[in-house]
Amino acid sequence: MKREVDLIVVGAGPGGSWAAKHAAKAGLSVLLLEKDREVGVPVRCAEGVSEKGLRSVISIDTRWIAQVIRGVRFIAPDGTKVDAYPGETGYILNRKLFDAALAEEACQSGAHLYTKANVTGLLMENGRTRGVRLRHIGEEKEIRCSIVIGADGIESRIGRWGGLNTAIAWTEMAACAQMTCCNIDIEPERVELYMGREIAPGGYAWVFPKGPRSANVGLGISGAFNPDKKALDYLKDFVSRRFPNAFAMTIVAGGVPIGRPLRDIVSDGLMLVGDAGRQTNPMSGGGIVNAMIAGELAAKTAAAAIKQGDVSVRKLRAYARDWTREEGRNNYLSYKFKEVISGFSDEDINQTARMLLKIPVEKRNAFNVFKAALIRHPKLVLEARKVFL
Amino acid sequence: MIRTTVIVRSDICDCCGTCAGVCRENAIELSETIVQIDSDLCVGCLDCVRICPMGALEGSA
Ligand SMILES: Cc1cc2nc3c(=O)[nH]c(=O)nc-3n(C[C@H](O)[C@H](O)[C@H](O)COP(=O)(O)OP(=O)(O)OC[C@H]3O[C@@H](n4cnc5c(N)ncnc54)[C@H](O)[C@@H]3O)c2cc1C
Ligand code: SF4
Ligand code: SF4
């Protein structure tokens with residue numbers, strides 16, 4: 001392992017690998033450090049992406065696609081079923097293979113990847129990030145660099161070490177649990193989303209098919225509604241009702257930030273990318289494509305800053321501005337929608353569902369779904385137009 | 001002074017890091033297989049206990 005490089009990227013998820021790839025391609029010497037023994041494992045993710053989103057960041061390779069999706073079904077608390085978005089394609093990824101492919105691309109572009117490399121602190125000099133401390137297979141090391149990109153996921157500590165306030169209020173974090181279930185009866189080309197206070201208070205439950213008879217079945221809840229019943233307990237109840245014959249091949253936990261975007265994602269010599277920068281969409285919880293967009297933007301700013309010999313926060317703000325323009329603004333609007341919708345009672349959701357059934361199925365796109373849900377909030381409908389049209 | 005501490009049930013914990021994401025004191029350290037709470041930093045707010053999706057954390061006075 002080198003003792004000094006231009007850029008250290010912490011975390012080899014989609015955000016970190018994509019940042020490392022683009023920085024290496026721009027000519028920087030890059031270390032990509034991953035604490036786990038294997039890139040892409042464990043998968044704490046429902047693995048769903050829209051074709052449009054995915055295509056905007058990478059050319060699609062069928063090797064890491066598990067299932068093609070052609071429709072969504074919303075299920076209201078009273079059981080009303082609403083089918084939507086016909087014709088719009090999505091994918092359920094195989095994230096173990098996807099994440100590995102991204103890390104491989106980073107290495108092929110010249111980045112140096114190390115697994116079992118747990119970053120335990122930052123090296124600071126005059127208030128500025130100057131490198132990292134890490135434990136690599138039992139060995140303590142210190143490596144210096146010009147810029148650190150923290151892409152260390154929901155558990156990120158890097159931002160706080162570097163002086164950024166990235167802690168998520170517990171009421172603004174969705175607590176998630178997921179089982180990859182087999183032996184279940186599903187429509188493999190349709191994802192299902194369930195809403196309701198009994199099922200997933202302040203969030204939703206999902207069924208994302210991974211094959212003809214298997215799916216990621218999970219849910220996210222806002223702990224604020226009932227701090228005593230855990231996400232895993234809600235999930236056990238949901239699975240036993242919806243799929244009584246299911247077997248869980250994996251059980252995982254996870255967290256998704258659903259609060260307003262962070263004020264600051266850069267400080268002197270430090271940038272945050274992906275879940276570490278709380279860049280997930282607060283409405284859907286989707287963060288794979290967002291992390292990759294952010295990774296590429298951060299790499300671009302890092303390369304320019306290092307070439308000009310100025311890695312101050314003022315210089316690195318270019319990345320934060322790019323991010324806000326590309327996705328951050330959408331995230332903020334999504335946050336506002338989510339705030340309204342999470343206040344809905346079960347009866348509000350039932351009524352919205354019945355209203356949607358009156359719209360012809362081919363017109364039930366994302367925008368019209370929001371319009372129906374937000375009928376009492378005309379201002380938000382106008383803003384939704386900016387996001388969805 | 002009696003301090004509240006947090007105990008990790010490692011047989012239940014999934015090392016998902018959700019607790020570390022909410023800890024304002026940055027007191028929760030994660031490895032691939034172990035979650036540890038730095039009792040010098042922890043202020044006993046129990047936010048981590050409330051959010052844990054698995055119910056793997058317990059507060060104790
Ligand atoms: C239950 C659940 C379902 C989800 N479903 C979807 C979905 O369907 N679609 C979607 O788009 N998004 C989904 N998301 C969100 C998505 O998983 C994340 O947004 C995405 O993984 C973020 O990528 P990332 O690169 O920022 O972080 P991660 O993928 O979390 O990668 C972070 C990496 O950093 C490593 N790391 C952490 N700390 C250190 C350290 N100190 N030193 C070294 N390495 C470290 C970790 O081991 C990890 O490999 C879901 C999330 C959850 C919890
Ligand atoms: S939130 Fe719970 S399951 Fe996840 S790492 Fe913390 S203690 Fe473990
Ligand atoms: S009790 Fe509060 S301060 Fe202590 S580890 Fe949990 S979240 Fe952090």
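Just so it is clear, the model here is predicted, and its values are computed rather than measured. So that the names make sense, note that chain A is the first sequence line, chain B the second, and so on, each numbered from 1.
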Need one label for E25(B): side chain, backbone, both or neither, based on atoms under 4.5 Å from any heavy atom in chain A. neither
Output the option from R44(A), M173(A), K35(A) having the highest count of non-hydrogen pairs under 4.5 Å with chain B. R44(A)
Closest non-hydrogen contact found for N118(A) with L30(B) is ND2-O, 3.3 Å
With a 4.5 angstrom heavy-atom cut-off, which part of R37(A) approaches chain B: side chain, backbone, both or neither? both
One option among C13(B), G17(B), P53(B), C19(B) has the most heavy-atom pairs under 4.5 Å with chain A, and it is P53(B)
Compare every heavy atom of A175(A) with every heavy atom of I51(B), then report the nearest pair and how far apart it is. O-CB, 3.4 Å
What's the separation between atom CD in E32(B) and atom OG1 in T115(A), rounded to the nearest 0.5 Å? 9.0 Å
Flag yes if more than 12 heavy atoms outside K141(A) fall under 6.0 Å of its NZ atom; otherwise flag no. yes
Sorted by number, residues from residues 252-263 of chain A in contact with chain B (heavy atoms, under 4.5 Å): V252(A), A253(A), G254(A), G255(A)
Please report the interatomic distance OG1(T166(A)) to CZ(R24(B)), rounded to the nearest 0.5 Å. 13.0 Å
Chain B contact via D36(A) - side chain, backbone, both or neither, heavy atoms under 4.5 Å: both
Residues, nucleotides or ligands: over 12 heavy atoms within 6.0 Å of E38(A) CD: yes
For V49(B) versus K230(A), what's the shortest heavy-atom pair and its separation? O-NZ, 2.8 Å
Search all heavy atoms of R160(A) against all heavy atoms of N26(B) and return the closest pair with its distance. CB-ND2, 3.2 Å
Quick check on the interface: out of C23(B), C48(B), A56(B), who has the most heavy-atom pairs with chain A under 4.5 Å? C23(B)
Could you tell me whether F225(A) atom CZ has more than 12 heavy atoms of other residues or ligands within 6.0 Å of it? yes
Give me the atom names and distance for the closest heavy-atom approach of V22(B) to W170(A). CG1-CA, 3.8 Å
